[in-house]
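These notes are about the structure you will find just below.
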There are 2 protein chains.
Amino acid sequence: MGNSRITVREIARLAGVSVATVSRVSNGTGQVSAEMRRRVLEAIEAHGYRPDHLGRALAARKHGAVGLVFPGLSGPYFTELIQGFESEAVRAQASVHILCTHLREDSDSQVLEMARRVDGVAVLGGTVSDEALRQLASRVPVVVLAGVGPAGVPSVRAENTAAMTELTRHLLVEHGLRRLAFVGSPDGSPDVSERWAGFQAAHRELSLPDPDAPLRLGLQQQDGVLAAERLLSGQPAPEAVVCANDETALGVLVGALGRGLRVPQDIVITGFDDAPISALVSPGLTTVRQPVRELAAETARRILTASDDPIDGGPEDVLLPTELVIRHSCGCPATDNP
Amino acid sequence: MGNSRITVREIARLAGVSVATVSRVSNGTGQVSAEMRRRVLEAIEAHGYRPDHLGRALAARKHGAVGLVFPGLSGPYFTELIQGFESEAVRAQASVHILCTHLREDSDSQVLEMARRVDGVAVLGGTVSDEALRQLASRVPVVVLAGVGPAGVPSVRAENTAAMTELTRHLLVEHGLRRLAFVGSPDGSPDVSERWAGFQAAHRELSLPDPDAPLRLGLQQQDGVLAAERLLSGQPAPEAVVCANDETALGVLVGALGRGLRVPQDIVITGFDDAPISALVSPGLTTVRQPVRELAAETARRILTASDDPIDGGPEDVLLPTELVIRHSCGCPATDNP
DNA sequence: TTGAAAGCGCTACCAT
DNA sequence: ATGGTAGCGCTTTCAA
């Protein structure tokens with residue numbers, strides 16, 4: 001019970017006006033005399049009338065909703081992403097549909113299905129096929145977040161490669177470290193792929209031998225713990241562990257500390273993202289700051305405007321800057337006192 | 001471009017039948033002759049027709065969507081929650097709207113607004129006021145997840161109190177520990193409140209002096225790091241740190257390890273949730289297993305059925321069992337070899 | 001079995 | 001400034 005919604009027609013009848021006038025009043029469109037407006041408002045108040053979304057959406061041929069597709073992994077990264085996206089959507093009065101693909105096979109069709117219920121979709125890089133992305137883009141505005149899509153599909157991402165090269169160079173040059181291990185699957189996500197590329201580039205720049213193949217694990221903290229297990233048991237343990245993100249770096253940190261190793265004296269660890277916790281742990285995590293929230297917000301904005309303006313404002317890509325954050329886990333003396 | 005949807009009428013015209021027949025075919029309802037069906041299906045295939053959601057929803061007076069309201073914190077707990085909820089929703093062909101309240105003031109009105117776009121809402125305990133919950137429930141089916149709502153609003157939650165009492169008793173009796181510190185804000189969420197109650201109960205049962213007031217911090221990993229900082233600097237450091245969840249326990253673990261303390265020899269740490277990583281760290285985290293995913297799935301199921309059946313199947317509360325998981329961080333010898 | 005037509009709740013155009 | 005009315009795309013009686 002309780003769901004006996006009152007309609008425009010009811011209000012119109014009650015206020016002794018036409019439905020058109022009620023619509024005008026409740027939308028603030030067109031011209032309405034003070035007297036009429038008062039009568040209508042009165043009836044609206046009296047019955048707690050709120051225009052039905054479905055009726056409105058059908059008439060406007062617009063859902064008032066946007067979709068967010070992500071793999072469904074945990075961690076501060078995804079939470080920031082969701083929040084950044086969501087906050088921009090509520091500001092635009094749009095609701096947010098989410099779809100966790102879990103990297104499943106049938107996610108392509110699920111994404112396409114989602115497209116029928118929203119005005120635009122943001123897809124995290126690496127979660128659905130380029131083919132699906134293309135089909136999607138033929139139906140609704142699409143933006144690839146943290147990755148690049150096929151031609152014609154715009155993207156919003158952060159600068160990964162150069163930042164990782166800079167970080168790696170810091171380890172190689174400033175700290176004179178060799179035998180760096182990279183943790184993360186380059187083929188798992190565009191972000192990791194670029195970071196791995198940056199890692200390699202630093203070695204190449206300095207004419208050092210190619211680094212070992214990456215330790216292909218996921219991006220979650222437990223993967224970092226696993227990485228520590230493998231890396232720190234192997235006889236020639238690496239001098240530094242360069243992680244694809246902060247989550248795994250924290251996992252490696254826990255693993256190393258748990259084995260009684262000292263960081264950075266016995267082993268150096270670095271991350272990527274600059275999650276809130278990374279500044280708090282000791283030693284503070286050396287990492288790269290990425291504006292995750294802003295990335296997501298920008299994505300939401302682009303989708304929202306694209307679904308409003310019919311003018312296809314060219315698929316212009318956005319690349320947000322990142323920033324190397326030196327703390328203590330790389331071997332530098334602690335500089336910041338939080 | 002590309003959004004020139006084809007309608008029932010088009011298909012009907014193309015197939016030389018009425019819209020009613022097209023509708024019957026695309027929904028598999030009613031009786032349609034083989035010949036008609038073939039003609040319709042052909043037209044549908046040929047033009048890739050898919051019935052519009054808005055039209056369908058308006059006619060059915062049903063959104064085909066459910067809402068999930070949560071504070072928007074990070075961590076495996078929320079991710080599991082979202083995933084459990086979402087997987088059950090996709091199975092029912094419903095989409096999921098999310099709303100991160102961030103524990104803001106205006107979240108009540110946002111939740112009410114969401115109610116106008118979905119067929120039912122799941123609200124995480126402690127995110128909106130009871131008053132809002134009541135209003136919400138008068139519009140759509142509502143279930144409180146991990147908490148209890150006002151009378152008339154059903155809830156789905158896990159057994160917290162007894163489990164925490166058992167865990168605390170284990171520390172107090174088996175390990176003979178005293179001076180246990182509790183980390184978490186009882187007034188922050190129903191879950192924490194119950195866990196704190198269980199913690200106190202164990203002390204009372206054993207006629208021990210009341211424990212110190214809880215260290216009121218959030219539920220994220222960084223809060224655990226903060227907790228370690230405060231707790232382990234104080235002169236009489238506690239013998240054990242009982243955390244409201246695994247996230248904070250992990251934070252405390254990192255903090256303790258980072259200060260060169262040994263766990264459990266120098267300090268005992270326990271959590272709650274049994275996150276995936278908790279079995280992996282060393283020492284393995286002693287905690288309480290909570291079926292988070294199942295909690296969310298059950299919540300989704302109840303909302304979905306409630307929004308289908310008009311029969312108000314009484315607000316029956318669900319309480320899922322929890323289980324004490326003894327590992328090594330409490331001082332017990334490591335038993336499981338993962 | 002099939003089709004015509006009446007909505008679902010709202011907006012917007014076109015007269016008045 | 002106001003009201004009648006024609007849709008938006010679909011489902012579902014009700015007749016035929």
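Order of the sequence lines sets the chain letters (A, B, ...), proteins ahead of strands, with each chain counted from 1. Excluded from the calculations below are hydrogen atoms, water molecules and symmetry mates; all remaining heavy atoms, backbone and side chain alike, are included. Not measured: the values here are computed from a predicted model.
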Base, backbone or nothing for each nucleotide of nucleotides 11-16 of chain C, written B, S, -, heavy atoms under 4.0 angstrom, 5' to 3'? BBB---
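The stretch residues 31-45 of chain B touches DNA chain C through Gln31(B), Val32(B), Ser33(B), Met36(B), each having a heavy atom within less than 4.0 Å of the strand.
A 6.0 Å sphere centred on CD of Gln93(A) holds no more than 12 heavy atoms belonging to other residues, nucleotides or ligands. The 12-atom threshold is exceeded at CD of Glu35(A), counting heavy atoms of other residues, nucleotides or ligands nearer than 6.0 Å.
Checked by atom type and distance alone, the side chain of Asp119(B) pairs as donor or acceptor with a backbone atom of Gly64(B) at under 3.5 Å. Counting only distance, with no hydrogens or angles, the side chain of His97(B) and the backbone of Ala115(B) share no donor-acceptor pair below 3.5 Å.
A 4.5 Å side-chain heavy-atom check between Leu295(B) and Gln290(B) finds at least one atom pair inside the cut-off. Counting only heavy atoms from C-beta outward, the side chains of Glu131(A) and Asp108(A) never approach each other to under 4.5 Å.
Ion pairing between Arg302(B) and Glu88(B) fails under the 4.0 Å rule for side-chain N and carboxylate O. No salt bridge links Glu42(A) with Arg39(A); every basic N to acidic carboxylate O contact stays at or beyond 4.0 Å. Salt bridge Asp308(A)/Lys62(A): present, at least one basic N to carboxylate O contact under 4.0 Å. Using a 4.0 Å cut-off between charged side-chain N and carboxylate O, Glu45(B) and Arg38(B) make no salt bridge.
With axes fitted over five pairs at each extremity, the angle between the ends of the helix from dT1(C)-dA16(D) to dT16(C)-dA1(D) is 50° (10° resolution).
One can place NE2 of His63(B) at 11 Å from P of dG9(C), the figure rounded to the nearest angstrom.
Checked against salt bridge (charged side-chain N to carboxylate O under 4.0 Å, His left out), Arg56(B) has no partners two or more places apart in sequence or in another chain.
Note on Leu58(A): a base of the nucleic acid sits closer than 4.0 angstrom, heavy atoms only.
Taking every nucleotide of DNA chain D with any atom under 4.0 Å from a non-hydrogen atom of chain A, the first and last of them, 5' to 3', are dA1(D) to dG9(D).
For the residue pair Gln220(B) / Ser74(B), a side-chain donor-acceptor distance below 3.5 Å is found, with atom types taken as modelled.
Sorted by first then second residue, the side chain to side chain donor-acceptor pair (under 3.5 Å) pairs that include residues 9-18 of chain A, not counting sequence neighbours, are Ser18(A)-Thr21(A).
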